[in-house]
Undergrad: 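The following block contains the structure, expressed as structure tokens.
What you see below is based on every heavy atom in this structure, not just the backbone, and it leaves out hydrogens, waters and symmetry mates. This structure is a prediction, so every number in the text was calculated from the model and none was measured. Just so you know, residue 1 is the first one in the sequence shown, and it goes up from there. Start at 1 and go down the list; that is how both ligands and their atoms are numbered.
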Amino acid sequence: MNQNWHGTLIRHMLLLITVCLLVGLVSGYYGWSLALGLAVYLGWTLKQMLRLHHWLQAHKPDEPPPDGYGLWGEVFDSIYHLQRRDQRVRGRLQAVIDRVQESTAALKDAIIMLDSEGNLEWWNRAAETLLGLKTPQDSGQPVTNLVRHPRFKEYFEQENYVEPLEIPSPTSDRMRIQFHITRYGNNEHLMLVRDVTRIHQLEQMRKDFVANVSHELRTPLTVIAGYLETLLDNVEDVNPRWVRALQQMAQQGSRMQTLLNDLLLLAKLEATDYPSDNHPVVIDSLLQSIKGDAQALSGQRNQRITLEAQPGLRLKGSEAELRSAFSNLIFNAVKYTQDEGNIRIRWWADDHGAHLSVQDSGIGIDAKHLPRLTERFYRVDSSRASNTGGTGLGLAIVKHVLLRHRGRLEISSVPGHGSTFTCHFPNAQLAVEKAY
Ligand code: ADP
């Protein structure tokens, strides 16, 4: 109530009392006339309250309030204005919600909101095309019941969403979709799903091209290498001026063959997500055999190669792939460690899973190279790499093999003091109960 109304109310009350007193003076019944006056006022007030109540009860949005007198008229108008203001705010909010819904519906990417348990709460129209969600039946359903791909279930449950996941769409095998999951608020999930079929096809074309070229080059190269070998076997029939050239050609030819083999192996690794053979591999005997090869590679260089392997610890996966990855790491240690240096190979398990580390006392790698080391053809020093006969694909192969065995590679190195390459495998990848 503002100041004005305060004064008016007091004036009205004084007027009422004065009139009652006057009536009392005339009639001689002060008490009765005062009581009668107040009763009339109370009755009038109750009537106004009843009118207000009726109006609020049967209220239609744009119906103006009943006419009121004095203070009651002011109360009616204030309530009416409050309601109008509330309606305008609600209208504006509704317009914002409508716009958000229209724009998300127009998006080609699917947006899905899940509660903390992973049940569907809300999704846009694209989610129906990309994931086949049905409105409203699927509301409240666990997302893993509707996207049934085993890799999605595993990805969703492991709760590590740093890397996106790519799988075929549940609605069509030819469509590839990519999931980005973010957690927000009270552990709710926001899921963004994109159609990446075109990127996937381009990637596939690139892989097929590399695989085909490597495959096609293999036969002519085998023929050339074969002739070179025959010529070098009969070196006495060859003009002595050509011997050195032939030797270099044979050496470079064999480098090219290694390169093609590595490219083909990478193409094979990229073709599927998991190894086709998934048997328990006895790692300690595998490492023994690689250690023998490493010693042969080291030859007269007097490097000390030691192996400490926990026996009986088996890893699920492909023996050929694991051999290729582990030998790349161990042969690199031999290649990049000076004569008389130390190479220590360890294979063990703990609470976090199983680990293979290859530690050398070699030349080491500057920290700035470490993040890019597993890229194809990335070399720290290309002149040094060509001396060691490397292809630059070794660590890319290691990374792919580990990915296929749910493992990851950790590299630490101090230039001039040596490097440690450690492969970490999760417990789920172990084939037997660990014996500590
Ligand atoms: P490459 O066939 O050239 O050895 P890799 O992919 O196996 O290719 O290795 C990439 C680069 O990483 C190498 O060129 C080398 O510079 C560096 N590197 C790999 N292993 C070691 C190591 N144990 N010590 C020092 N440098 C290494």
Undergrad: To the nearest 0.5 angstrom, please state how far the CD1 atom of I330 sits from the CD1 atom of I343.
TA: 9.0 Å
Undergrad: Consider every N or O of G394 and every N or O of ligand 1, then say whether any pair is closer than 3.5 Å.
TA: yes
Undergrad: Does only the side chain of T374 get under 4.0 Å from ligand 1, or the backbone, or both, or neither? Count heavy atoms.
TA: neither
Undergrad: Salt bridge between E166 and R151, side-chain N to carboxylate O under 4.0 Å?
TA: no
Undergrad: For the ring pair Y184 and H189, is the centre-to-centre distance below 6.0 Å?
TA: no
Undergrad: So is there a nitrogen or oxygen of L395 less than 3.5 Å from a nitrogen or oxygen in ligand 1?
TA: yes
Undergrad: Going by the atom numbers of ligand 1, which of them fall below 4.0 Å from some non-hydrogen atom of L373?
TA: 12 (O)
Undergrad: I need the T197 OG1 to R176 CZ distance, nearest 0.5 Å.
TA: 8.5 Å
Undergrad: Record the part of F421 in heavy-atom contact with ligand 1 below 4.0 Å; permitted values are side chain, backbone, both and neither.
TA: side chain
Undergrad: Between the candidates I365, T391, L393, I343, which shows the shortest non-hydrogen contact distance to atom 26 (N) of ligand 1?
TA: I365
Undergrad: Between N332, N328, D262, which one has a non-hydrogen atom sitting closest to atom 19 (C) of ligand 1?
TA: N332
Undergrad: I want to know whether F179 and Y155 have ring centres closer than 6.0 Å.
TA: no
Undergrad: Within the side chain of E128, is there an N or O that forms a donor-acceptor pair under 3.5 Å with the backbone of A126?
TA: no
Undergrad: Using a plain distance cutoff, I'd like to know if Y378 has any nitrogen or oxygen under 3.5 Å from a nitrogen or oxygen of ligand 1.
TA: no
Undergrad: I363 versus ligand 1: do any nitrogen or oxygen atoms come within less than 3.5 Å of each other?
TA: no
Undergrad: Would you kindly specify which portion of V380 sits under 4.0 Å from ligand 1, judged on non-hydrogen atoms: side chain, backbone, both or neither?
TA: both
Undergrad: Spell out, as yes or no, whether a donor-acceptor pair under 3.5 Å connects the side chain of T171 to the backbone of T129.
TA: yes
Undergrad: How many angstroms lie between atom CG of L329 and atom CG of L395, to the nearest 0.5 angstrom?
TA: 6.5 Å
Undergrad: Would you mind telling me which of I181, I177, L165, I111 makes a side-chain contact (heavy atoms from CB on, under 4.5 Å) with V193?
TA: I177
Undergrad: At less than 4.0 angstrom from any non-hydrogen atom of S419, what atoms of ligand 1 do you find?
TA: 24 (N), 25 (C)
Undergrad: Where on H369 is there a heavy atom closer than 4.0 Å to ligand 1, on the side chain, on the backbone, on both, or on neither?
TA: neither
Undergrad: Please state whether G392 comes within less than 4.0 angstrom of ligand 1, counting heavy atoms only.
TA: yes
